[in-house]
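Take this structure, written in structure tokens, and hold onto it; I'll ask about it next.
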Amino acid sequence: MKKILKNFFKFFLLLFVAGFIFVVFANYSIKKSTEAFLYDNTSKIPQTKTAMLLGTSKTLSNGYPNAYFTNRIKAAADLYKSGKIKYIIVSGDNSRKDYNEPEDMQQALMQQGIPQDKIFLDFAGFRTLDSVVRAKEIFGQKQLIIISQKFHNERAVFLARKNNIEAYGYNAENVNKYAGLKTNLREYLAKSKAYWDLLFGIEPKFGGDKVLIP
């Protein structure tokens, strides 16, 4: 019995070590391969027809405004007003009647002075993978600026480029390191999942009719 338990422990220890190495490798690989494609100001980022704004909740669970959302909206508005883009795809979760990230983003962008006809809604952006692949397969975009915080852009640009999209990331301002600690820790696992999805050819959950962007 002791021998069985010892072997069992060794197996799980080996599994844990292998998992840890995979997480470290995936995060390093994604960050390293995308650092040349991420930008913090509008003057240096390449001009493209379309940008994609990745969704997050408008408010936190306590009802206070979500700084990630606010900062992404500002970044998208700045990029549009700089003349670097003509259209914005807002891609996010719409899985419940009382929760609609794309419409929340659309309304916030319109409040920033962006015309409604310049904004396209993707209601099936349940994951970053879904959003970037749908930008190509549904909205026909092979060149794209992705708007989110840097840690998220690393993953999104990685997935986009692996799916043959010429993608660049425009980094919205991050939240302070204490407020975003949980999010940043979760991102380590999210990057690992992104690498895993790529290795095993995971596809977006939903397809849909083609949407023409002029």
I'd like to know if Phe20 and Phe11 are part of one continuous hydrophobic network [Ile/Leu/Val/Met/Phe/Trp/Tyr, side-chain heavy atoms within less than 4.5 Å].
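Per the 4.5 Å side-chain linkage, Phe11 and Phe20 are not co-clustered.
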More than 12 heavy atoms of other groups within 6.0 Å of Phe22 CZ:
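Yes - once you tally the heavy atoms of other residues, nucleotides and ligands closer than 6.0 Å, there are more than 12.
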Euclidean distance, Gln47 CD relative to Ile145 CD1, rounded to 0.5 Å
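If I round to the nearest 0.5 Å, the distance is 8.5 Å.
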Say you draw a straight line from OG of Ser91 to CD1 of Ile147; how long is it, rounded to the nearest 0.5 Å?
12.0 Å
Just so I know, are the side chains of Lys84 and Tyr39 near enough to count as touching, which here means a heavy-atom distance under 4.5 Å?
no
same_hphob_cluster(Phe151, Val175) at 4.5 Å side-chain heavy-atom cutoff:
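Linked within one cluster.
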What are the two closest non-hydrogen atoms of Ala124 and Asp130, and how far apart are they?
O-CB, 3.7 Å
Answer whether the closest heavy-atom distance between the side chains of Asn27 and Ser192 falls below 4.5 Å.
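SC-SC contact between Asn27 and Ser192 confirmed.
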Please report the closest heavy-atom contact between Met52 and Ala135, naming both atoms and the distance.
SD-CB, 4.0 Å
Any chance you could measure Asp197, atom CG, to Leu129, atom CG, to the nearest 0.5 Å?
5.5 Å
Apply ring-ring contact (aromatic ring centres under 6.0 Å, His included) to Phe12 and list each qualifying residue two or more places apart in sequence or on a separate chain.
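Once residues adjacent in sequence are excluded, the partners of Phe12 under the ring-ring contact (aromatic ring centres under 6.0 Å, His included) criterion are Phe8.
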State, yes or no, whether a side-chain contact exists between Asn164 and Lys142 at a heavy-atom distance under 4.5 Å.
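They are not in side-chain contact.
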I want to check something: taking the side chain as every heavy atom from C-beta on, are Ile89 and Ile213 in contact at a cut-off of under 4.5 Å?
yes
Atom NZ of residue position Lys74 - does it have more than 12 heavy atoms of other residues, nucleotides or ligands inside 6.0 Å?
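For Lys74, atom NZ is not crowded (no more than 12 foreign heavy atoms under 6.0 Å).
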Does the ring of Phe139 carry Arg134 above it, NZ/CZ under 6.0 angstrom from centre and within 45° of its axis?
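Pair Arg134/Phe139 does not count as cation-pi.
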Which donor-acceptor pairs under 3.5 Å do side chains of residues 101-121 form with protein atoms, sequence neighbours excluded?
unit_1 : atom_1 : unit_2 : atom_2 : d
Glu101 : OE1    : Asp93  : N      : 2.9
Glu101 : OE2    : Tyr99  : OH     : 2.4

By ring-ring contact (aromatic ring centres under 6.0 Å, His included), which residues pair with Tyr195, not counting sequence neighbours?
Phe25, Phe158
Qualifying residues under side-chain hydrogen bond (donor to acceptor under 3.5 Å, both in side chains), relative to Asn163, sequence neighbours excluded:
none
All ring-ring contact (aromatic ring centres under 6.0 Å, His included) counterparts of Phe200, not counting sequence neighbours
Trp196
For Thr59, give me all partners under side chain to side chain contact (heavy atoms under 4.5 Å, CB included), at least two apart in sequence or on another chain.
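Result, side chain to side chain contact (heavy atoms under 4.5 Å, CB included) vs Thr59: none returned.
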Under the side-chain hydrogen bond (donor to acceptor under 3.5 Å, both in side chains) test, residues paired with Lys191 that sit two or more places apart
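If we apply the side-chain hydrogen bond (donor to acceptor under 3.5 Å, both in side chains) test to Lys191, skipping adjacent residues, the hits are Glu154, Glu187.
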Please report the C-alpha distance between Tyr168 and Ile146 in whole Å, then the side-chain angles of each, then the deciding distance to 0.1 Å, and finally whether the side-chain contact (heavy atoms from CB on, under 4.5 Å) criterion is met.
CA-CA 6 Å; Tyr168 304 92; Ile146 299 172; over 6 Å; no
Mind checking whether Val211 and Val132 sit in one hydrophobic cluster, side chains of I, L, V, M, F, W, Y counted as touching below 4.5 Å?
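Yes, Val211 connects to Val132 through the hydrophobic network.
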How many angstroms lie between CD1 in Ile165 and CG in Leu159, if you round to the nearest 0.5 Å?
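Answer for the CD1-CG pair, Ile165 versus Leu159, is 9.5 Å.
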Does Lys49 have any side-chain hydrogen bond (donor to acceptor under 3.5 Å, both in side chains) partners at least two apart in sequence or in another chain, and if so, which?
none
Salt-bridged, Asp40 to Lys150, with N to O below 4.0 Å?
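No.
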Just checking Asp209: does its CG atom have more than 12 heavy atoms from other residues, nucleotides or ligands closer to it than 6.0 angstrom?
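No, the 6.0 Å shell around CG holds no more than 12 heavy atoms from other groups.
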Which residues satisfy the side chain to side chain contact (heavy atoms under 4.5 Å, CB included) test with Asn66, sequence neighbours excluded?
Thr56, Ser57, Leu60, Tyr68, Phe69
Could you tell me whether a side-chain N or O of Ser82 sits under 3.5 Å from a main-chain N or O of Leu79, the two making a donor and an acceptor?
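Side chain of Ser82 to backbone of Leu79: a pair is present.
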Could you walk me through whether Gln143 and Thr48 pass the side chain to side chain donor-acceptor pair (under 3.5 Å) test, one step at a time?
CA-CA 7 Å; Gln143 186 186 48; Thr48 68; 5.3 Å; no
Can you pull out every salt bridge (Lys or Arg N to Asp or Glu O under 4.0 Å) where at least one residue sits in residues 26-39? Sequence neighbours excluded, please.
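Only Lys32-Glu35 qualify under salt bridge (Lys or Arg N to Asp or Glu O under 4.0 Å).
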Side chain to side chain contact (heavy atoms under 4.5 Å, CB included) with Glu137: which residues, sequence neighbours excluded?
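By the side chain to side chain contact (heavy atoms under 4.5 Å, CB included) rule, Glu137 matches Val133, Lys210.
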Please identify each residue that fulfils side chain to side chain contact (heavy atoms under 4.5 Å, CB included) with Ser148, with sequence neighbours left out.
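Applying side chain to side chain contact (heavy atoms under 4.5 Å, CB included) to Ser148 gives Leu54, Arg72, His152, Asn153.
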Can you measure from CZ (Phe123) to OG (Ser95) and round to the nearest 0.5 angstrom?
12.5 Å
For residues Leu189 and Ile202: do they belong to one hydrophobic cluster (side chain heavy atoms under 4.5 Å, members Ile, Leu, Val, Met, Phe, Trp, Tyr)?
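They do not share one cluster, since no chain of ILVMFWY contacts under 4.5 Å joins Leu189 to Ile202.
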Nearest-0.5 Å distance, CG of residue Leu212 to CD1 of residue Ile138:
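It is 13.0 Å, given to the nearest 0.5 Å.
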Sub-4.5 Å side-chain heavy-atom contact between Gln149 and Asn71:
yes
With the 4.5 Å side-chain cut-off for hydrophobic clustering, are Ile85 and Leu38 part of the same group?
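Yes; tracing contacts between hydrophobic side chains, which count when under 4.5 Å, links both residues.
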